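Worth knowing before you read on, the calculation uses all heavy atoms, side chains too, and leaves out hydrogens, waters and symmetry mates. If you're wondering where the values come from, they're calculated on a predicted model, not measured in any experiment. For ligands, and for the atoms within them, numbers begin at 1 and follow the listed sequence.
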Amino acid sequence: MNQTPMPSILHKPEFSQAELVQLLNASGDEEKALFSYASEVKQQHVGNTVYLRGLIEFSNICEKNCYYCGIRRDNTSTHRYCLTNGEVLEAIRFAHENGFGSVAIQSGELSSDAFIRKIDFILKEAMRMTNREIGITLSCGEQSEEVYRRWFESGAGRYLLRIESSSEELYYKIHPKDETHSFTKRLNALEALKKTGYQTGTGVMIGLPFQTAGHLASDLLFMKQFDIDMCGMGPYIEHTQTPLYKNRSELIPLQERFALSLKMVALLRILMPDINIAATTALQSIEKNGREKALCVGANVLMPNITPKQYRDDYFLYQNKPVSQQSNEDDLRFLEQQLKNIGHEIGYFKQGNSKHYRK
Ligand code: SAH
Ligand code: SF4
């Protein structure tokens, strides 16, 4: 009775596509065995330290029109903003002084010179201000190799660009099929990031309309094959002002998207034991302690939001995105306690670089 289910699959060094599908469909005891094995792998390779990246939602102005995203170009009911240099640097100072170790600057995608220069200026200032102590992740979409190099040289060490789906067919069901939303361009951008020397991160949305367990299994194999250093993935959550909203009746229930997301995190940890995996905000929007659950099954990075409060409602990618009413300091103390409750501790004043990258 106490036999661990599916031991022969779980303990194999590699999984086939079919085995991954089987594990993604696991429930009950099988699911428990998957989670407990992933947690063991995590303990062994990255331990129970959680690294923080203070999330700065830089701007919700975007040139793109992704079918799922609330800040897409054609959503005219969004109030658009861009933080000032001073506001971004103040957030970075807060993160640095409070031991976050790293920040992540995320933004709608823009290709203008002004945008490129502004990011560049902030990177240089942040390096100067913190004596190069702060780690910076950028998540500012597809840019030319030259821009990626410029930002890398100015101080960004990591870049997160989700592939969203590694299936070209599914990619074009959730993006317009045109020059600005080219699947090939996205793949090339990921290659360019790696070549430039960034710790390169990608990820997917989980529970998209048209998506099957087969797609998700392929996503996991894609991440392994691409040899990523970090991953941020989470449930797809619909937004009324987007084209994909019309497909809402085809979606699996939120709770199932949540459970599937946890299994994706667990499987990726088993497949890639030493990478950094974020417990994403979208998980928290379905379950209050969703991020903590992800940490227990394999994630090791958290991204507390440190965007100035008055802008947070406008960075509205999906419905029910959680917005804290507390101060950043109170949020941090609360988080620390939550993590203690699950036997984890914050890696204060550490950049928490991907072990995989260092190798
Ligand atoms: N513009 C950049 C970064 C900001 S968007 C980019 O697209 O790369 C950051 C991430 O938010 C996207 O990669 C996408 O995976 C996620 N996102 C957007 N809309 C979402 C939704 N409706 N549900 C869940 N995640 C969403
Ligand atoms: Fe813009 Fe990123 Fe949203 Fe696409 S996902 S519309 S690129 S912010």
Side-chain angles (χ1 to χ4, degrees), residues 53 55-76 78 80-82 104-111 115 119 137-143 147-148 151 156 158-166 170-172 174-176 178-183 185-187 189-190 192-193 198 200-209 211 216 219 223 228 230-248 251-252 254 257-258 260-261 264 278 280-286 290 303 305 307 314-322:
R53 284 86 176 88
L55 176 64
I56 303 169
E57 296 165 334
F58 179 73
S59 171
N60 68 353
I61 307 172
C62 188
E63 286 167 358
K64 281 190 155 176
N65 242 337
C66 308
Y67 290 154
Y68 43 83
C69 179
I71 63 170
R72 63 197 301 273
R73 186 184 68 214
D74 286 357
N75 182 7
T76 49
T78 298
R80 305 285 171 171
Y81 74 89
C82 182
I105 300 176
Q106 198 183 81
S107 179
E109 191 176 308
L110 288 175
S111 56
F115 178 77
I119 296 286
T137 307
L138 289 180
S139 181
C140 299
E142 288 163 38
Q143 304 287 342
V147 171
Y148 284 153
W151 287 345
R158 319 179 181 121
Y159 207 104
L160 183 65
L161 183 74
R162 289 185 177 181
I163 189 71
E164 314 297 359
S165 168
S166 64
L170 179 53
Y171 191 88
Y172 284 121
I174 61 170
H175 298 96
D178 60 25
E179 255 303 286
T180 14
H181 300 83
S182 151
F183 181 71
K185 257 173 76 186
R186 197 134 187 114
L187 281 178
L190 273 171
L193 287 167
Y198 283 98
T200 305
T202 194
V204 295
M205 280 174 289
I206 298 154
L208 285 162
Q211 192 181 44
L216 290 170
D219 290 337
M223 292 189 250
I228 58 168
M230 7 182 256
C231 177
M233 59 182 167
Y236 161 71
I237 300 171
E238 58 273 38
H239 184 299
T240 48
Q241 308 291 323
T242 60
L244 268 197
Y245 192 65
K246 67 176 185 310
N247 301 89
R248 65 192 176 282
L251 296 171
I252 55 171
L254 276 176
R257 278 177 252 168
F258 181 82
L260 203 48
S261 301
M264 284 290 283
T280 55
T281 316
L283 287 164
Q284 193 191 3
S285 75
I286 300 181
M303 300 168 72
N305 198 334
T307 310
D314 291 324
Y315 200 81
F316 197 50
L317 303 179
Y318 49 80
Q319 239 116 258
N320 299 325
K321 187 170 162 251

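Cation-pi contact between Arg248 and Tyr245: present, with separation from the ring centre below 6.0 Å and deviation from the ring axis of at most 45°.
Relative ring orientation between Tyr159 and Trp151 is described as parallel, the plane-to-plane angle staying below 30° on a 0-90° scale split at 30° and 60°.
Residue Cys62: an N/O/S atom is found under 2.8 Å from atom 1 (Fe) of ligand 2.
A distance-only check finds a donor-acceptor pair linking the side chain of Thr280 to the backbone of Met233 [under 3.5 Å]. When atom types are taken as modelled, the side chain of Gln106 and the backbone of Leu55 share no donor-acceptor pair closer than 3.5 angstrom. Formation of a donor-acceptor pair under 3.5 Å by the Lys64 side chain with backbone atoms of His175 is not found in this model. Between the side chain of Gln143 and the main chain of Leu110, a donor-acceptor pair closer than 3.5 Å is present. Here the side chain of Arg80 pairs a donor or acceptor atom with the backbone of Asn60 at under 3.5 angstrom. A side-chain donor-acceptor contact under 3.5 Å links Lys185 to the backbone of Glu179. Judged by distance alone, with hydrogens and angles left aside, the side-chain atoms of Tyr172 form a donor-acceptor pair with the main-chain N or O of Phe183 at under 3.5 Å.
In summary, the atoms of ligand 1 found under 4.0 Å from a heavy atom of Leu317, numbered by their order in the structure, are 11 (O), 19 (N), 22 (N). Heavy-atom contacts of Ser139 reach the following atoms of ligand 1: 3 (C) (cutoff under 4.0 Å). Atoms of ligand 2 found under 4.0 Å from any heavy atom of Cys66 (numbered from 1 in listed order, with element): 4 (Fe), 5 (S), 6 (S), 7 (S). Close approach of ligand 1 to Tyr315 is summarised as follows: ligand atoms under 4.0 Å from at least one heavy atom of the residue are 4 (C). Proximity to Lys64 (heavy-atom distance under 4.0 Å) selects the following atoms of ligand 2: 6 (S), 7 (S).
Summary of contacts: the protein heavy atom closest to atom 25 (N) of ligand 1 is Met205 SD, 3.6 Å. For atom 19 (N) of ligand 1, the closest heavy atom belonging to the protein is Tyr68 CD1, 3.4 Å. Here the heavy atom of the protein found nearest to atom 7 (O) of ligand 1 is Arg186 NH2, 4.0 Å.
Only the side chain of Ile71 comes within 4.0 Å of ligand 2, judged by heavy-atom distances. For Tyr245, no heavy-atom contact with ligand 1 is shorter than 4.0 Å.
Side-chain polar atoms of Gln211 and Tyr236 form no donor-acceptor pair below 3.5 angstrom.
For ligand 1, the polar-atom distance check against Gln106 finds no nitrogen or oxygen pair separated by under 3.5 Å. Looking at ligand 1, you'll find an N or O of Ile237 within less than 3.5 Å of one of its N or O atoms. Considering backbone and side-chain N/O atoms, Arg162 comes within less than 3.5 Å of an N/O atom of ligand 1. In terms of polar-atom proximity, defined here as any N/O pair under 3.5 Å, Glu164 does make such a contact with ligand 1. Of the N or O atoms in Ser107, one or more lie within a sub-3.5 Å distance of an N or O in ligand 1.
Checking atom 2 (Fe) of ligand 2 against the protein gives no heavy-atom contact under 4.0 Å.
Within 6.0 Å of the CG atom in Asp74, the count of heavy atoms belonging to other residues, nucleotides or ligands exceeds 12.
Closest heavy-atom approach to atom 24 (C) of ligand 1 within the set Ala282, Pro235, Gly234: this belongs to Pro235.
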